[in-house]
Amino acid sequence: MANRLTRIYTRTGDDGTTGLADGSRLAKDHTRIEAMGDLDELNCALGLLLSEPLPPRTREQLTLIQHRLFDLGGELAIPGCASVTAQHVSELEQWLDVENDTLPSLKEFILPGGSRSASLCHVARTVCRRAERRLVTLAQTESVSPHSRRYLNRLSDLLFVLCRVLNRHHGVDDVYWIKQTSA
């Protein structure tokens, strides 16, 4: 890796294209590049969340998820490549079950908020949903691994549950939506 990125700027993207790992070039606004950008933004949002005080298990989960998201970005950078597997999706489902079992049942919708870390997790959740939508759009015209789409779907669910876990960890109540009545 020491010699892999010897120069940060190459000027090859000045024409509005960017290179994929297979050597092909696409417009910077191509759906594949947009999906890669959304994954990068999601990974950044998780990095920001990881800068907060977190329960050790949550920190471990989010760190592993960051690596999986980088793998998923690699899938997109090499069309036809698949690195996210059904096992990765199952792992998220197991974490979801464990974390959700520690929480009281929801009887109302919740709003983003509460503790700072839960709020940052809500931002990551919404970026994850956008990345998932972008992957679905890409899959309408190109081959995309179904495991990758499932992974992002489960990840957004896990992030929702982790928002609640983080509020509870910090001793802060979830913010419940209050339906407005007509007067």
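For clarity, every value in this text was computed on a predicted model and none was experimentally measured. The basis for the numbers below is simple: all heavy atoms, side chains too, and nothing from hydrogens, waters or symmetry mates.
Among residues at least two apart or in separate chains, there is no salt bridge (Lys or Arg N to Asp or Glu O under 4.0 Å) pair with a member in residues 72-88. Listed by first and then second residue, the ring-ring contact (aromatic ring centres under 6.0 Å, His included) pairs involving residues 126-160 amount to none (not counting sequence neighbours). Applying the salt bridge (Lys or Arg N to Asp or Glu O under 4.0 Å) test to every pair with at least one member in residues 158-169, sequence neighbours left out, gives these pairs: R164-D174. Applying the ring-ring contact (aromatic ring centres under 6.0 Å, His included) test to residues at least two apart or on different chains, none of the pairs has a partner in residues 69-103.
Side-chain atoms of I110 and N167, non-hydrogen and from C-beta on, never get closer than 4.5 Å to each other.
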Donor-acceptor pairs under 3.5 angstrom involving side-chain atoms of residues 152-159: please list them, not counting sequence neighbours.
{"from": "N153", "atom 1": "ND2", "to": "E132", "atom 2": "OE2", "distance (Å)": "3.2"}
{"from": "R154", "atom 1": "NE", "to": "E93", "atom 2": "OE2", "distance (Å)": "2.8"}
{"from": "R154", "atom 1": "NH2", "to": "E93", "atom 2": "OE2", "distance (Å)": "3.2"}
{"from": "S156", "atom 1": "OG", "to": "R129", "atom 2": "NE", "distance (Å)": "3.3"}
{"from": "S156", "atom 1": "OG", "to": "R129", "atom 2": "NH1", "distance (Å)": "2.8"}
{"from": "S156", "atom 1": "OG", "to": "R129", "atom 2": "NH2", "distance (Å)": "3.3"}
{"from": "S156", "atom 1": "OG", "to": "N153", "atom 2": "O", "distance (Å)": "2.8"}
{"from": "D157", "atom 1": "OD1", "to": "R129", "atom 2": "NH2", "distance (Å)": "3.2"}

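For R32, the salt bridge (Lys or Arg N to Asp or Glu O under 4.0 Å) test picks out E142, with sequence neighbours left out. With sequence neighbours excluded, the residues satisfying side chain to side chain donor-acceptor pair (under 3.5 Å) with N43 are Q66. Shown here are the ring-ring contact (aromatic ring centres under 6.0 Å, His included) partners of F109, two or more places apart in sequence or in another chain: W177. Residues satisfying the salt bridge (Lys or Arg N to Asp or Glu O under 4.0 Å) test with R150, not counting sequence neighbours, are none. A search for salt bridge (Lys or Arg N to Asp or Glu O under 4.0 Å) contacts involving R59 returns nothing, not counting sequence neighbours. Taking the salt bridge (Lys or Arg N to Asp or Glu O under 4.0 Å) definition, one finds that R116 meets it with E52, sequence neighbours left out.
In this structure, I178 stands alone, with no Ile, Leu, Val, Met, Phe, Trp or Tyr side-chain heavy atom under 4.5 Å from its own, directly or through other members.
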**Asked** Do R68 and D71 pass the side chain to side chain contact (heavy atoms under 4.5 Å, CB included) test, and can you show the C-alpha distance, the side-chain angles, and the key distance before you say yes or no?
**Response** CA-CA 5 Å; R68 296 276 183 263; D71 292 340; 4.1 Å; yes

